[in-house]
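Scroll down for the structure; my scribbles are underneath it.
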Amino acid sequence: MSSRQSPEISAHFTESLTQNDPLLADILDREGKRQADQIELIASENIVSRAVLEALGDTITNKTVEGYPGARYHGGAKILDEAERAAIERATDLFGCKYANVQAHSGSQANQAVFVALLKPGDTVMSMALTAGGHLSHGAPPNMSGKWFNAVQYGVDPQSGLLDYDELERLAIEHKPKLIIAGGSAYPRVIDFPFIRSVADRVGATFLVDMAHFAGLVAGGVHPNPIPHAHIVSCTTTKTLRGPRGGLLLTDDPQLAKKIDSSIFPGMQGSLHPNTIAAKAVCLGEALRPSFKDYAGQVVENARALADSLEQRGFGICTGGTDTHIVLVDLKPKGLLGTQSVNFLEDTNITCNKNPIPFDPPNPKQWTGLRLGTAAGTTRGMDAETFTVIGNLIADVLDALVGKDEPDADVVERVRARVAKICQNHPTYQ
Ligand code: DSN
């Protein structure tokens, strides 16, 4: 039987993005090229597999569904149930826990769901301060978590830069928080989960570990797993886990699992994002493969090589090194600021972000740190030797900036050419 569809309807199903929307096609094309041509050092970024991209762009995105597998509010969900069950099963296998909720649209929403599940507005939570390496959604003043809850924040030791466990214990005893959160965005060291759990038990708090940054390292077996110590673990599937943008919540406790499920839906979210759920299942499947262990180990080895190379060139390295993919570079020994350093590095196609060094002023313009991460470069196959070269290229640009408004053009040109070569030697999707 021949189709009676109008040309317009037919085009809806057949037109490419380039035909349909040249403006957006061009923007996406240029962004793809930018990613291929730049060395990506933003610690929260990674480069997903083609398989994850395929799942993200799949027609499963058309499905609207609320509820949980086997108990949906909409029909036609049986196939999507299989995808969500696969994601749940893989998450629990990978992290060795009993329950997983895979529906959170982001890491921040995963954390918000814990707040909604366990707290009332005004309750006290305790977490690492943003300026010490914590996360916005853990009670930072400009965030809902800091506006609606009484957030007490611990920091790091001024000398070592390491988490100040004495302060954490003292504040917990003084303020009796209902929730204690560990984890953050810019803390490069392993956190003492058993100690914080013991403090939480003493004051009757629930212990949440946000492992958004290091989840892939836990999955790869190169970082301690918080699951045996925390009541709840949240994370993103982005970053070191190398998956789509979205959150996970994990626990061994059936009561907490029930509360988390109701808090995500109907407490906070409506329809889930089926394509993201499918892509989460794909990335979790990838992380279960033996090769992911090699990847995770290489991420940490590369971060240590990067930190060493910068330290040898006279930059400060917060905490003296790293246990993860994160290197927090203190620019104060060079008299530089984060913003100018990021901007000139971007001119050479090296991408990173400015960051406060603990005890920096709150104004981002005065931050004196750079946060670097090795997850994306390692995905492209860059090894420790390459990251030593990258550290020296960063140092070349920044040393050329010391005492000046901009680095010498010949230094920028030379570094840009070297970056181009590294990127060509480590191709991505093309
Ligand atoms: N928290 C932000 C970061 O670490 O860059 C985004 O996930």
Side-chain angles (χ1 to χ4, degrees), residues 35 38-48 52 104-115 125 127-146 151 153 156 163 181-189 191 208-219 223 226 233-249 273 276 279-280 283 299-300 303 306 318-319 322-329 338-339 341-342 345-346 350-358 360 362 364 367 369-379:
Q35 291 183 15
Q38 294 193 340
I39 295 177
E40 184 53 71
L41 296 177
I42 292 177
S44 46
E45 291 194 27
N46 208 329
I47 306 169
V48 299
V52 167
H105 296 328
S106 70
S108 292
Q109 276 187 284
N111 290 333
Q112 282 164 20
V114 176
F115 279 60
V125 298
S127 57
M128 187 182 237
L130 193 58
T131 47
H135 191 256
L136 260 181
S137 63
H138 295 180
N143 188 262
M144 180 273 282
S145 58
Q153 302 216 287
V156 294
L163 202 156
I181 309 173
S185 280
Y187 186 70
R189 293 296 188 172
I191 294 168
L208 166 68
V209 173
D210 179 346
M211 63 169 182
H213 269 272
F214 53 87
L217 308 181
V218 173
H223 188 289
V233 173
S234 65
C235 71
T236 56
T237 41
T238 333
K239 308 185 179 83
T240 51
L241 199 48
R242 210 165 56 180
R245 297 199 168 270
L248 296 181
L249 283 160
H273 290 174
T276 308
K280 283 176 182 173
C283 93
V299 166
V300 178
L306 183 62
C318 287
T319 77
T322 181
D323 300 324
T324 65
H325 60 305
I326 294 175
V327 179
L328 191 56
V329 183
T339 305
S341 304
V342 167
L345 286 170
E346 189 164 347
I350 294 173
T351 328
C352 61
N353 64 274
K354 64 174 172 280
N355 213 85
I357 296 298
D360 266 357
W367 289 353
L370 289 183
R371 186 188 63 165
L372 309 178
T374 54
T378 308
T379 293

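For ligands, and for the atoms within them, numbers begin at 1 and follow the listed sequence. Worth knowing before you read on, the calculation uses all heavy atoms, side chains too, and leaves out hydrogens, waters and symmetry mates. Numbers here simply count residues along the sequence, with the first being 1.
Looking only at side-chain heavy atoms (C-beta outward), K239 and L241 stay at 4.5 Å or farther from each other.
One finds the SG atom of C283 at 7.5 Å from the CG atom of L248 (value rounded to the nearest 0.5 Å). Here CZ of R242 is found 4.0 Å from OG1 of T379. Values are rounded to the nearest 0.5 Å. Between the CD atom in Q109 and the CG atom in L249 there is a gap of 10.5 Å [rounded to 0.5 Å].
Near ligand 1, heavy-atom contacts under 4.0 Å come from S44, H135, S185, H213, K239, R371.
Exactly one of V342, I357, N353 qualifies for a side chain to side chain contact (heavy atoms under 4.5 Å, CB included) with R371. That residue is N353.
For H325 against F214, the heavy-atom pair with the smallest separation is CE1-N, 4.5 Å.
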